[in-house]
Trainee: 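First the structure, then my questions, so here it is.
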Amino acid sequence: MAGPAALSAAAAALVAALLLLRREDPGPGAGPSMAETEALSKLREDFRMQNKSVFILGASGETGRALLKEILEQGLFSKVTLIGRRKLTFNEEAYKNVNQEVVDFEKLEDYASAFQGHDVGFCCLGTTRAKAGAEGFVRVDRDYVLKSAELAKAGGCKHFNLVSSKGADKSSNFLYLQVKGEVEAKVEELKFDRYSVFRPGVLLCDRQESRPGEWLVRKFFGSLPESWASGQSVPLVTVVRAMLNNVVRPSDKQMELLENKAIHDLGKAHDSLKP
């Protein structure tokens, strides 16, 4: 039987889902045209030729793990570095050249060197209130993220990518959405050359970590008509593919915000592209 904390998390997650449904989102469109897909393929080839380096924060989580896998499969970067609180173990040959920097997030300033020399950064850090408590959640999802972004900016990172959440709003009365909105705004103040924020809906994946609240929300969306569910949720693999398709596209915007529909549309281009 689920304990009080799990039940509380489930209730909070369902409330978040209902809040998302209140926000209009037409769902995914038709996806990229053939011309757009061909152009993206050329952009990917050009990007590889630049020999850029990348770091990933939160590679032990579902999003970070999926992103790392996709990065290695596409071969977009000449150097890949994971920054986390512990060293991860990989058995596959494809991971043999992945660099790992182990840091103490409570003393990040002592690990500034881990953030130096990266062209692109992806931040997938995140926890839950049920797992870490309210204070712990704020510390990870806001404070750790912001400090990491500050060190990345100082270390020369030009393009910072942040995984946030649909409905993020620093004025929200819901702690989760409020914190996500706050950190989005604070990172923007750092003035990266390019700053991309991804606001996916409910992530559809089979988590290795048990999160009863998210399980309940996935079941909830599973009972809705597909057109509604796709407007408020998105497969995890679509998110990471959209992130990488976006990173290879030139942009003259200092800050770009990709909502759930844009993530769906951009992620669809992957199936027509070959590394």
Side-chain angles (χ1 to χ4, degrees), residues 5 9 52-69 71-72 77 79-92 95-165 168 170 175-176 178-192 195-198 203 207-211 214 240 243:
K52 292 190 174 184
S53 61
V54 64
F55 72 80
I56 302 175
L57 284 159
S60 62
E62 299 295 336
T63 303
R65 186 183 302 111
L67 177 63
L68 173 61
K69 181 176 183 292
I71 283 177
L72 296 178
F77 298 93
K79 181 180 180 181
V80 179
T81 300
L82 309 182
I83 301 176
R85 60 184 176 82
R86 60 184 174 86
K87 187 173 183 179
L88 305 180
T89 301
F90 302 106
N91 297 319
E92 297 88 343
Y95 293 80
K96 67 177 183 179
N97 293 323
V98 173
N99 301 286
Q100 298 198 51
E101 295 282 353
V102 177
V103 302
D104 181 349
F105 282 99
E106 293 294 332
K107 302 176 181 178
L108 266 184
E109 61 277 2
D110 295 340
Y111 300 87
S113 60
F115 294 86
Q116 293 177 354
H118 307 290
D119 301 296
V120 179
F122 288 99
C123 183
C124 307
L125 282 178
T127 187
T128 65
R129 184 171 180 171
K131 182 178 180 180
E135 292 185 4
F137 165 70
V138 173
R139 188 163 66 251
V140 173
D141 283 55
R142 186 189 65 193
D143 300 345
Y144 288 178
V145 171
L146 179 58
K147 186 61 179 179
S148 296
E150 291 173 348
L151 292 174
K153 180 68 164 61
C157 179
K158 303 298 183 183
H159 185 186
F160 190 80
N161 298 267
L162 176 64
V163 179
S164 184
S165 171
K170 61 183 180 181
L175 179 65
Y176 181 83
Q178 178 187 43
V179 169
K180 294 296 185 182
E182 286 178 354
V183 76
E184 284 183 6
K186 288 181 179 295
V187 173
E188 184 177 7
E189 293 174 1
L190 298 178
K191 302 298 182 184
F192 282 94
Y195 172 42
S196 304
V197 177
F198 298 84
L203 296 177
R207 287 190 180 276
Q208 294 184 9
E209 175 189 5
S210 176
R211 290 187 178 182
E214 292 188 4
V240 299
M243 292 166 72

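Predicted model only: the values in this text are computed from it and were never measured.
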Trainee: Taking all non-hydrogen atoms of both residues, which atom of V179 and which atom of R142 are closest, and how far apart?
Mentor: CG1-CB, 3.8 Å
Trainee: At their closest point, which heavy atom of E150 faces which heavy atom of L190, and how far apart are they?
Mentor: N-CD1, 3.7 Å
Trainee: Rounded to the nearest 0.5 Å, what separates atom CG in L82 from atom CD1 in I56?
Mentor: 5.5 Å
Trainee: Ignoring hydrogens and angles, tell me if any N or O in the side chain of D141 forms a donor-acceptor pair with the backbone of K180 under 3.5 Å.
Mentor: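 No.
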Trainee: Side-chain contact, heavy-atom cut-off 4.5 Å: C157 with F192?
Mentor: yes
Trainee: Take atom CD of E135 as the centre, draw a 6.0 Å sphere, and report whether it contains more than 12 heavy atoms from other residues, nucleotides or ligands.
Mentor: no
Trainee: Between N97 and L72, does the side-chain contact (heavy atoms from CB on, under 4.5 Å) criterion hold? Intermediate values first, please.
Mentor: CA-CA 10 Å; N97 293 323; L72 296 178; over 6 Å; no
Trainee: Going by the angle between their ring planes, with limits at 30° and 60°, are F115 and F55 parallel, tilted or perpendicular?
Mentor: perpendicular
Trainee: Below 4.0 angstrom, N of the basic side chain to O of the carboxylate: do K170 and E182 qualify?
Mentor: no
Trainee: Among all residues two or more places apart in sequence or in another chain, which pass the ring-ring contact (aromatic ring centres under 6.0 Å, His included) test with F122?
Mentor: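 Checked F122 against ring-ring contact (aromatic ring centres under 6.0 Å, His included); zero matches.
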Trainee: Kindly write out the residues that satisfy ring-ring contact (aromatic ring centres under 6.0 Å, His included) with Y95, not counting sequence neighbours, or none if the list is empty.
Mentor: F90
Trainee: So do C123 and F160 actually touch side chain to side chain, heavy atoms under 4.5 Å?
Mentor: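 A side-chain contact exists here, since the closest heavy-atom pair is under 4.5 Å.
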Trainee: What I'd like to find out is whether the side chain of V54 reaches to under 4.5 Å of the side chain of D119, using heavy atoms alone.
Mentor: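 Contact flag for V54/D119 side chains = no.
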Trainee: Evaluate the salt bridge (Lys or Arg N to Asp or Glu O under 4.0 Å) criterion for residues R85 and D104: first the C-alpha distance (whole Å), next the side-chain angles of each, then the deciding distance (0.1 Å), finally the verdict.
Mentor: CA-CA 6 Å; R85 60 184 176 82; D104 181 349; over 6 Å; no
Trainee: To the nearest 0.5 Å, what is the distance between CG on L68 and OG on S60?
Mentor: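 Between atom CG of L68 and atom OG of S60 there are 11.0 Å.
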Trainee: Measure the shortest side-chain to side-chain distance between T81 and E101 over non-hydrogen atoms and say whether it is less than 4.5 angstrom.
Mentor: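 In short, these two side chains touch, coming nearer than 4.5 Å.
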Trainee: Dump the intermediate steps for salt bridge (Lys or Arg N to Asp or Glu O under 4.0 Å) on R65 and E62, then the final yes or no.
Mentor: CA-CA 5 Å; R65 186 183 302 111; E62 299 295 336; 3.3 Å; yes
Trainee: Can you find a heavy atom in the side chain of E189 that is under 4.5 Å from one in the side chain of Y195?
Mentor: no
Trainee: Would you check if the distance from the ring center of Y176 to the ring center of F137 is below 6.0 Å?
Mentor: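 Yes, the ring of Y176 comes within the 6.0 Å limit of the ring of F137, centre to centre.
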Trainee: What's the verdict on salt bridge (Lys or Arg N to Asp or Glu O under 4.0 Å) for E106 and R139, showing C-alpha distance, side-chain angles and the deciding distance?
Mentor: CA-CA 9 Å; E106 293 294 332; R139 188 163 66 251; 2.9 Å; yes
Trainee: Is the shortest heavy-atom distance from the side chain of K147 to the side chain of E109 under 4.5 Å?
Mentor: yes
Trainee: Distance from N161 atom CG to L67 atom CG, nearest 0.5 Å?
Mentor: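 One gets 8.5 Å once the value is rounded to the nearest 0.5 Å.
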Trainee: As an exercise, state the distance from CG of L57 to CG of L162, rounded to the nearest 0.5 Å.
Mentor: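 Atom-to-atom, L57:CG and L162:CG are 10.0 Å apart.
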Trainee: Does a side-chain heavy-atom distance below 4.5 Å link N99 with V80?
Mentor: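 The answer is no; the side chains never approach within 4.5 Å.
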Trainee: Kindly give the heavy-atom pair with the smallest separation between I83 and A114, and that separation in Å.
Mentor: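 Heavy atoms only, the tightest pair is CD1-O, 3.4 Å.
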Trainee: Would you say the side-chain atoms of S165 pair up with the backbone N or O of A168, donor to acceptor, closer than 3.5 Å?
Mentor: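 No, S165 side chain to A168 backbone: no donor-acceptor pair under 3.5 Å.
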Trainee: Heavy atoms, side chains only, cut-off 4.5 Å: are R86 and L88 in contact?
Mentor: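 Yes. Closest side-chain heavy atoms under 4.5 Å.
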Trainee: Would you give the length of the straight line joining atom NZ of K52 to atom NE2 of H118, rounded to the nearest 0.5 angstrom?
Mentor: 14.5 Å
